[in-house]
*Asks:* 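Mind looking over this structure? Questions follow.
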Amino acid sequence: MEAAVFVLSLVDCCALIFLAVYFVITLSDLECDYINARACCSKLNRWVVPELVGQALSTVLMLVSLHWFVFLLNLPVAAWNMYRVWKVPMGNMGVFDPTEIHNRGQLKSHMKESMIKLGFHLLCFFIYLYSMILALIND
Amino acid sequence: MSSTHFSSQNGAGGPPYANGPSQNPVALQPPGPGYMAHQTPYNPMQGKGPMPPGPGLYNSGPYQPIPPVSSNQALPVQPMLNRPPMGHPHSMTPPQSASPGPGSRMPPAHATPPPVSANNYQHAPAPAWQYGGTPPMGAPPSMGAPPPMAMPPFRPVGNHMTSSPSLATPQASLAEYSAAPPVFHNATQPLGPPTTLQGYTQQGSAPLPMNPMAAPHSYQPGMRAPYGGPPPSVRPTPPTTGPPMGNANPPLGPKTDGHMPTPGNGAQVPNSFDHLEMGPTMAGPVPPQQPGPPTRHMGLSYPSLPPGYQNTSAPPNTATMHHPMQPSTQPYSHAPQPYQQPSAGPAQLSPSLAGLSLQSQTPESLRVVNLLQERNLLPPGPVTPPTPCLPQDLQKINCHPEVFRSTLTSIPQTQSLLNKAKLPLGLLLHPFKDLSQLPVVTSSTIVRCRSCRTYINPFVSFLDQRRWKCNLCYRVNDVPEEFMYNPVSRSYGEPHKRPEVQNATIEFIAPSEYMLRPPQPAVYLFVLDVSHNAVETGYLDVVCQSLLENINALPGDSRTKIGFITFDSTIHFYNLQEGLSQPQMLIVSDIDDIFLPTPDSLLVNLNECKELVQDLLKSLPQMFGKTMETQCALGPALQAAFKLLSATGGRVSIFQTQLPSLGVGALKSREDPNQRASAKDIQHLSPATDFYKKLALDCSGQQVAVDLFLLSSQYCDLASLGCISRYSAGSVYYYPSYHQQHNPAGVECFQKDLKRYLTRKIGFEAVMRIRCSKGLSIHTFHGNFFVRSTDLLSLPNVNPDAGFAVQMSIEENLVDMQSVSFQAALLYTSSKGERRIRVHTMCLPVVNSLSDIFAGADVQAITGLLASMAVDRSVTASLSDARDAMTNASIDSLTSFRTSVLTIQQPGLLAPACLRLFPLYILALLKQKAFRTGTSTRLDDRVFAMCQLKYQPLAYVMLMIHPALYRVDDLTDEGSLNVSERIVPQPRVQQLSVEKLSRDGAFLMDAGSVIYLWIGRNCNPNFLTQVLGVPDYAAVPPNMNMLPELDTAESQRTRAFVGWLREQRPFFPILHVIRDESPLKASFLQNMVEDRTESALSYYEFLLHVQQQVSK
């Protein structure tokens, strides 16, 4: 049972890592002017909700399997994701708005955020991997 | 004290306004190899040029779901019963309907049922957004792909080299110029209406309107022939006896010398160019006509002239006149003299010289002023921008501050120094300003830096004859062979004398590399609200009448197209196809699925169908006279307009009178009038829906700009509607309480604005790129446009009344540099179908001490930029946050001045002389409509004021913020200006305080878009009778909006003064004559920013507050 939970988390975490890499790549494409702001934002906005769901899934999995430490590690990130979507102003086209992404250093802060998430997911990946192996051995 | 700051003031700060976000430095770098794989050219202007929106590219996106057939059955339309016939109103036939109704003149093809016609637009669902920047696969084959990067930017020898021998033959100069292939001419910009701001000309010089009809033509034989008459702007050589360019003794008046035959004489050829290049001002500067004090002389680049913003006596390029390098008497030698070039780049800036000029300037701008003691801080005339401390020869040719202005005229060396100064760093631009003269260059190659694509400009340095060093990225480039030839002097080997290197503002006629599709024609689409509410206001009459009057003055050529859409709860199209006897109205009632009934006859050639258009305009106001329809479907009408124009691009003008209530984009009223004054914080400053923003971005991609005219009496949610113009680079006009009968002043204002709007210059499918020296980067943009990439603004239309602002940060230390440069390049298609590039370059010194930074602070520019930042802040955070941030901006900068610059601490609130008006301006901003609290302000008024702060050029913004008050009952001719044979008195600017008003006087307040004339109760009876034409105070009519034309000296003076104020701006300020009882008195008094109101501090109290914070 425990092993199954971690396998699932591991898969989820892989998906999140891929997503974070995708965010970083797309944002740096925009930074280097390879794609235009609108294409970039519509690409990224599409993945904002899946990311949120993925993160929430791993948080919930940790909760139901009563791994408190990992749960508390995941919780702030999941909360931040929800807050971000919640705070989008009505007139904006999503978390990433093409008309504002070049203003007020938004691009840079989005980039920073994606990088931090990437690091976090990598950390989680190894935690899950370790816990999974541990669980398999214990079985 | 609140801790809210704009973070550019408080250093590292939070994310919003952060000074140091890295904008993409890569944009300035040569494209890496990976880049090429992605995108064909990295040619900053051309690579991103407009993409031809072929029909195949059209992505109907979410707006055009294919209607289910059943819905189409519902589609056929009510047969317009109560509307006067006008052709046959055609409803669209549903697919099932067997045949179009009898009498239908519609060709069968046009009767295509909606799904079919819709199909035209649905082939290419894939690319959601076609920009020039997208991979070339997206490009339709018909349109030449942009030239690859590898294309040699400099062609070998230009054709003019070969033809140059013939130029030496003596000819009459006119012929000579038309024979010269590389054309440098002094095109007079289309002057537009007389209200044109006369940027570079002297107010008083008569030659200014020398050829009002002259569009910027070059004189290549056979090339411009279709567009222009005889080239009027050629300035043939006056017979040269003295120094040919000496402005002191031009032999002829400007008007006559245009027709002077030139003695054919090779030696004079260069001179004739100088006249050409210098334009009207130069050609005939007649000393007696020069107004103003004798201290003004032509050599001064930006002299501090009292009157107005446009009053510089010398255009930047006049500098050439005094150019030591152009010895006036000697025939031009062919010997290269590259090292004498005075306009050497930064490398040759002599530090000692810079230091010298700095010291001579320091005392005045850094003179310490105790604000609490010195009451009268306003200069008698307008506030003049500071002059950057550059060596004089560079400063002479620097860009005009009206066009390009920096908040700090001395750029700090490092970001930390900037943070210490607590002043925002940014640029304010007015790139498409009407210039009365502008050098235009036609040349087959445009010389640009190979790595950063900067256009060659006066601030580059020539290392030797063959190489120049870019002043932005410092790359050494070759001078192309063609550039070696100087058509000015007809000599070879003087690249530094080319006009490109002599003028900081120049326009190029772009060759075909700068086009991604053939230049689009001028296309105008008018979308008119005809619901009951709209008809009630009676605006239709005014619009139709103005259009009828100005239909021939619409900028354009033989390809100009025009179209009309009206809407209430349905959308009405007008078939104006040539050959019809009268316009045909086509009604589409299915607003959920808009389609174009006859796609190719709704937008017609203006010249071919002018009569039909005129018929329509004459009948339109009556057509809807009895309409009872109150709903209004703005969203669908906009979608229809977008569809109609997406193939060509162009301009959509929307006239809207109420909150859109039907279809997509319908809005709900969000304002609670009772909360206006009491609300602690203002809600609803941001849009309610993203529909308008999305549509604006679609429009921007297809080169369609949307201008919004909002004429309403109730809440219209400008915050949402305004997005349509904001992101498509349109403009917003707002006429609150517009009504034909009840508000005649509003009607007049609307009429004048409309006339200016219809006839002003326009540039289509434009992009603007702002480049700056390595180490600096732009991090925030303000204005109406879409930021397509880090430094590229997409402007489907550009108009001469639009201003822009950017905030900058210093990414790398500028230690080794003496100066930095900024270049704004605007690539656009003129209304004549020419692709043109207007380039402005500004050079500023770099300094490393705080006192130098303060010495170079430009208080107006800082205020303008802070206002834009505060607008952003109030939308993203809250209004109170923005207000605090503005207050803190002034506190922080004065604190910094006190602690870091002042050596002797004195009591009081100390400010450098250049910033002495800063607290006043901040206080004025806090009391401005956009930011004030505690006073009842309608939400739309507030949002409109915010829009204006963001996209108006600085000169008008300053009047909005801090109006000018003059006493006018005792006007005298003392110190007056002479403007085109009128004497314009120049009264002193008064402080905005009621204490300055006196009951026995009359005061004029110029608030930018409105002028108030306040009459005191005991006003001098002489003024009443001689100027107002009324016997006594009681007889002043309550709604007086104009001054009677009386034949008295007083009346003439006053009218001359008001007229002169109005001429300085492109829009028409309404004059309100107010008495004590007038309802408008309240808005007059609200502009008295130095006084205390119930909810706001007086100036003195504000200063005390600032002082308290500063000395903490």
Side-chain angles (χ1 to χ4, degrees), chain A residues 21-50 76-77 80-81 83-118, chain B residues 7 15-27 29 31-32 34-35 37-39 42 44 48 127-135 686-694 696-697 700-701 719-720 723 726-727 778-782 786-792 794 807 809 872 875-876:
Chain A
V21 170
Y22 176 75
F23 273 55
V24 170
I25 290 176
T26 315
L27 285 171
S28 67
D29 273 1
L30 178 66
E31 218 169 39
C32 305
D33 214 358
Y34 294 162
I35 54 173
N36 66 64
R38 192 153 187 208
C40 169
C41 292
S42 71
K43 270 173 156 182
L44 295 184
N45 281 330
R46 206 173 303 152
W47 291 104
V48 165
V49 174
V77 181
W80 167 251
N81 279 348
Y83 173 78
R84 212 167 50 136
V85 174
W86 183 259
K87 284 304 271 183
V88 172
M90 259 192 294
N92 276 17
M93 297 159 71
V95 173
F96 300 87
D97 189 278
T99 58
E100 292 188 1
I101 195 153
H102 284 298
N103 267 2
R104 297 188 297 275
Q106 279 201 2
L107 185 54
K108 206 178 174 186
S109 58
H110 281 310
M111 191 69 154
K112 211 186 283 169
E113 189 188 315
S114 302
M115 285 300 215
I116 292 172
K117 275 189 191 158
L118 181 60
Chain B
S7 33
Y17 298 128
N19 238 342
S22 97
Q23 289 291 329
N24 166 21
V26 184
Q29 304 298 331
Y35 187 77
H38 253 91
Q39 185 185 6
Y42 181 71
K48 291 161 195 261
W129 186 248
Q130 290 291 349
Y131 271 136
T134 41
S686 52
T689 163
D690 64 355
F691 169 77
Y692 294 99
K693 191 188 242 183
K694 275 185 179 152
L697 293 186
S700 169
S720 305
C723 285
R726 181 161 170 211
Y727 299 110
I778 299 172
H779 67 81
T780 302
F781 300 84
H782 302 282
F786 173 51
V787 188
R788 204 190 287 175
S789 72
T790 43
D791 58 350
L792 183 73
S794 160
Q807 281 169 258
S809 57
D872 272 8
V875 175
T876 52

*Asks:* Of all of Asp97(A), Thr99(A), Asn92(A), which one pairs up most often with chain B through heavy atoms under 4.5 Å apart?
*Replies:* Thr99(A)

*Asks:* Nearest 0.5 angstrom please: Thr790(B) OG1 to Glu31(A) CD, how far?
*Replies:* 8.5 Å

*Asks:* Heavy-atom pairs under 4.5 Å with chain B - which of Met111(A), Met93(A), Glu100(A) has more of them than the others?
*Replies:* Met93(A)

*Asks:* Would you find a donor on one side and an acceptor on the other, under 3.5 Å apart, between the side chain of Asn103(A) and the backbone of Thr780(B)?
*Replies:* no

*Asks:* List in chain and number order the residues that pass ring pair (Phe, Tyr, Trp, His ring centres under 6.0 Å) with Phe23(A), two or more places apart in sequence or in another chain; answer none if no residue qualifies.
*Replies:* Phe96(A)

*Asks:* Indicate the atoms forming the closest heavy-atom contact of Ala37(A) with Phe786(B), along with that distance.
*Replies:* CB-CZ, 4.0 Å

*Asks:* Can you name the residues that form a side chain to side chain donor-acceptor pair (under 3.5 Å) with Lys117(A), not counting sequence neighbours?
*Replies:* Glu51(A), Asn81(A), Glu113(A)

